[in-house]
Peer 1: 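Starting off with a structure, shown below.
All chains are named by letter (A, B, ...) in the order of the sequence lines, taking the proteins before the strands, and each is independently numbered beginning at 1.
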Amino acid sequence: MLQHGWRQKSTHGLSRTVHAQIFSRRWRMLNLFAEDEKPMPKASDTGTFDPQDSRNACIGPALVTWFLGHQRPLPWRRHYDPYAVWISEIMLQQTQMSKVVPYFERWMKRFPNVQAVAEAPLDALLQAWEGLGYYRRVHHLKAAAQQIMAQHGGKLPFDEASLRRLPGIGPYTAAAVASLAFGRPVVVLDGNAQRVSARLLDWPAPVKEARSLKVLRQALEHWMPSGHAREFNQAVMELGALICTPRNPRCVQCPVCAWCRAYAAKTVASRPVMSGRPLTEAVTVAVGVLCDNGKVFIQKRPPEGLMAGLWEFPGGKAQKGETPEGALRRELAEELGVTVSITEKITEIRHAITRFRLHLHAFRCVLNPPEQSIRLRVATEGRWVPVDALDGYAFPSANRRLIRLLQSAGEERR
DNA sequence: GAGTCGTGGAA
DNA sequence: TTTCCAAGACT
C-alpha cells in the first residue's frame, strides 16, 4: 500500500544539517555560474529551469525518503552487484518491470557472471531471451561481455565513459550502472525521469527535443541530493512507474505533488508533451509448416535486422492482391527454391510487431514433387526438426504461438 | 533528427 | 478492437 511518506514523517531520512549543506553549496555553485550569464528569466514565462525557485529544495530529499519507504523488492536491489545491475538495465530497456523479473531470475541462474555470458553460445543466450523482444540486445550483451573479459578483467568498469564504450550501453544505461552499482553522482534521464521532471517543471515543449532534455537534466542534477545518486535516480524512476504514470497519474499519493508545477497548473494530463508516433501498418503474412516424415523445416534468420539470429518457419508478406496461399508458394520458391502443395490451413494469428499489425495465415504443406533439395536464399541455416524438439530453439513470439498449437494438436493425436 | 527494432498489458 | 507505450541503443 502506497502512502504519503513525506506527510507522515516530521523529518526526512537525511538530517536537516546535511540538507542545508547540500543546498547552500549547490546554490553557491549555481550563483557563481549565473554571474557570467544574463539574469535568469522567470520559468513560468519562458519554460526554463529556475534554480532559485524555493520548491527545488524539498524535491530531492522527499523523493529519496519516499523511495526508501516504498521501493519494490527487486532481486538486483539486494546487493547492487554490478553484473546484476547491468543485466537488469539491459532487460529493462523499453520493457516493463513485471515482464523482466522472471527473465532476470532465470538468466542469473543460467549465466551467473560476465564470463558465463562471454563463453555462452549465442543461441543459448537468445533462447533465454525469447519473448523479451529487441533481440539485438542479446548480440550486444555477448559482445560487451567479451569486451569486459578482454579489457576489464571480467569486472564492469565503474565510470560512465568506459561503460558507454560497451556495445548496447548508451547514455541511460551508462548512467544507471555508474550510479546504481558504483554510486557515481550522475542522473539518469530515461522515460520516467523525463516525464517526472517535465511535470514537476510543467515543461511546455516536446520532451524528446535536445533543448528540453538539456533543461530536464539540469533540473534533475539540481534536485539530486549529493551522495544519494543511487536512491535519487531509482526514486525518480520508481515514482514514474508507480505514481507519476503516463495515464491516470496518482497525484494524491505523490510525495512531491506539493512542489509540482503541472499539478498546480492542472496540466498534468498534458505533460509531458510527446511528439507524434509513426503510423501503424496492417500486413498479411503467410507462414509454411513444411512437413516431411514427422519433421518440420525451420530456418535461422540473418545476424542483422529484425529478429536477428532467431529461428522461424519460412514464409513472408503477401503482396497487393495476392492470396495468402499464393504468397506462401511464391515465398517458398524465393526463400528455399522449392515448389509445394498446401495440405491444410492450420490457423490465423494476429500479432503486433514494431509498427506493423501482422495477420498471419499458417499452412501445413509438403514438397511437391517430394524429391527437391532446399537452397537457402536469405536464411543462414536450415533444419528438419521434430515438432517436440522445437522448444530447443529461439523463435519470435508469433512463431512460438504457432508451435504451441502444433504441439497440442500432436498430443491429441496420440 | 528520424527510423528501426518486440512484446504484451492496460484502457 | 484499436491505441498507447515501457528503466533505449544504434544508424
Peer 1: A/Trp129 CH2 to B/dG6 C1': how many Å, rounded?
Peer 2: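 That distance rounds to 12 Å.
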Peer 1: So if I take every side-chain heavy atom of A/Thr280 and compare against C/dT3, B/dA11, C/dA7, which nucleotide ends up nearest?
Peer 2: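 Among C/dT3, B/dA11, C/dA7, the one nearest the side chain of A/Thr280 is C/dT3.
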Peer 1: Let me confirm one number: the CE-CG distance from A/Met237 to A/Leu189, rounded to the nearest 0.5 Å.
Peer 2: 10.5 Å
Peer 1: Without decimals, in angstroms, what is the distance between A/Arg357 CZ and B/dG8 P?
Peer 2: 17 Å
Peer 1: Contacts to DNA chain C from residues 186-193 of chain A, heavy-atom cutoff under 4.0 Å, which residues?
Peer 2: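 Nucleic-acid contacts, sorted: A/Asp190, A/Gly191, A/Asn192.
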Peer 1: By the ring pair (Phe, Tyr, Trp, His ring centres under 6.0 Å) test, which pairs, at least two apart or in different chains, include something from residues 102-126 of chain A?
Peer 2: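 Listed once each, the pairs are A/Trp76-A/Phe104, A/Trp107-A/Phe111, A/Trp107-A/Trp129.
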Peer 1: Once side chain to side chain donor-acceptor pair (under 3.5 Å) is applied, what residue pairs with a partner in residues 161-171 of chain A remain, sequence neighbours excluded?
Peer 2: A/Asp159-A/Ser162
Peer 1: Tell me whether A/Lys317 contacts the main-chain N or O of A/Val285 through its side chain, where contact means a donor paired with an acceptor under 3.5 Å.
Peer 2: no
Peer 1: Under the rule for ring-ring contact (aromatic ring centres under 6.0 Å, His included), what residues qualify as partners of A/Phe313, not counting sequence neighbours?
Peer 2: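 For A/Phe313, the residues satisfying ring-ring contact (aromatic ring centres under 6.0 Å, His included) (neighbours in sequence not counted) are A/Phe395.
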Peer 1: Enumerate all atom pairs, one protein N or O and one N or O from nucleotides 2-5 of chain B, separated by less than 3.5 Å.
Peer 2:
none

Peer 1: Could you identify which residues of residues 158-172 of chain A place a heavy atom less than 4.0 Å from some atom of DNA chain C, listed by residue number, or say none?
Peer 2: A/Arg164, A/Pro167, A/Gly168, A/Ile169, A/Gly170, A/Pro171, A/Tyr172
Peer 1: Would you mind telling me which of A/Val387, A/Val296, A/Leu367, A/Thr343 makes a side-chain contact (heavy atoms from CB on, under 4.5 Å) with A/Cys291?
Peer 2: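 Single side-chain contact (heavy atoms from CB on, under 4.5 Å) partner of A/Cys291 among A/Val387, A/Val296, A/Leu367, A/Thr343: A/Val296.
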Peer 1: Which residue lies toward the 5' end of DNA chain B, A/Gly131 or A/Arg211, if each is placed at its nearest nucleotide?
Peer 2: A/Arg211
Peer 1: Rounded to whole Å, how long is the line connecting atom CD1 of A/Ile353 with atom C1' of C/dC5?
Peer 2: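 Computing the A/Ile353:CD1 to C/dC5:C1' distance gives 16 Å.
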Peer 1: Quick one: salt bridge (Lys or Arg N to Asp or Glu O under 4.0 Å) pairs with a partner in residues 124-133 of chain A, sequence neighbours left out?
Peer 2: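 Checked against salt bridge (Lys or Arg N to Asp or Glu O under 4.0 Å) - neighbours excluded - the pairs reaching residues 124-133 of chain A are A/Glu130-A/Arg400.
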Peer 1: Output all residues satisfying ring-ring contact (aromatic ring centres under 6.0 Å, His included) with A/His140, sequence neighbours left out; order by chain, then residue number.
Peer 2: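 Per chain and number, A/His140 pairs via ring-ring contact (aromatic ring centres under 6.0 Å, His included) with no residue.
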Peer 1: A/Ile243 CD1 to C/dA7 C1': how many Å, rounded?
Peer 2: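 In whole Å, C/dA7 C1' and A/Ile243 CD1 are 17 Å from each other.
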Peer 1: Who pairs with A/Phe182 by ring-ring contact (aromatic ring centres under 6.0 Å, His included), at least two apart in sequence or on another chain?
Peer 2: none
Peer 1: Output the rounded distance in Å from NE2 (A/His351) to P (B/dG8).
Peer 2: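 Atom-to-atom, A/His351 to B/dG8, this comes out as 6 Å.
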Peer 1: Please identify each residue that fulfils ring-ring contact (aromatic ring centres under 6.0 Å, His included) with A/Tyr263, with sequence neighbours left out.
Peer 2: none
Peer 1: May I ask you to say what A/Leu74 touches in the nucleic acid, namely base, sugar-phosphate or nothing, with a heavy-atom cut-off under 4.0 Å?
Peer 2: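 If one applies the 4.0 Å heavy-atom cut-off, A/Leu74 turns out to touch a base.
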Peer 1: Once you apply a heavy-atom cut-off of 4.0 Å, does A/Arg301 come out as touching a base, just sugar-phosphate, or nothing?
Peer 2: nothing
Peer 1: Going by number, which of residues 95-104 of chain A have a non-hydrogen atom under 4.0 Å from DNA chain C?
Peer 2: A/Gln96, A/Met97
Peer 1: How many whole angstroms separate atom CD of A/Glu89 from atom P of C/dA6?
Peer 2: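 Taking atom P of C/dA6 as the reference, CD of A/Glu89 is at 16 Å.
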Peer 1: Could you check how far CG of A/Leu92 sits from C1' of B/dG6, rounded to whole Å?
Peer 2: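 My rounded result for the distance is 15 Å.
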Peer 1: Return each pair, listed once, that meets salt bridge (Lys or Arg N to Asp or Glu O under 4.0 Å) where at least one residue sits in residues 323-338 of chain A; pairs must be two or more places apart or across chains.
Peer 2: A/Glu322-A/Arg330, A/Arg330-A/Glu334
Peer 1: Tell me what A/Arg350 touches on the nucleic acid: a base, only sugar-phosphate, or nothing, going by heavy atoms under 4.0 Å.
Peer 2: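 The answer is nothing, as A/Arg350 stays clear of every strand by at least 4.0 Å.
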Peer 1: In this structure, how many angstroms lie between the P atom of C/dT11 and the CD atom of A/Glu304, rounded?
Peer 2: 9 Å
Peer 1: Quick check against the 3.5 Å criterion: does A/Asn399 have a side-chain atom that pairs as donor or acceptor with the backbone of A/Glu312?
Peer 2: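 Pair absent, no side-chain N/O of A/Asn399 close to backbone of A/Glu312.
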Peer 1: Mapping A/Glu209 and A/Gln94 onto DNA chain B by nearest heavy atom, which one lands closer to the 5' end?
Peer 2: A/Glu209
Peer 1: What do you reckon, is CZ of A/Arg72 surrounded by more than 12 foreign heavy atoms closer than 6.0 Å?
Peer 2: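 Yes, the 6.0 Å shell around CZ holds more than 12 heavy atoms from other groups.
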Peer 1: When you get a sec, tell me which of B/dT7, B/dG1, C/dC10 is the closest nucleotide to the side chain of A/Ala210?
Peer 2: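 Output: B/dG1.
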Peer 1: Students often get this wrong, so: under 4.0 angstrom with heavy atoms, is A/Thr173 touching a base, only sugar-phosphate, or nothing?
Peer 2: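 Sugar-phosphate, backbone atoms only, no base.
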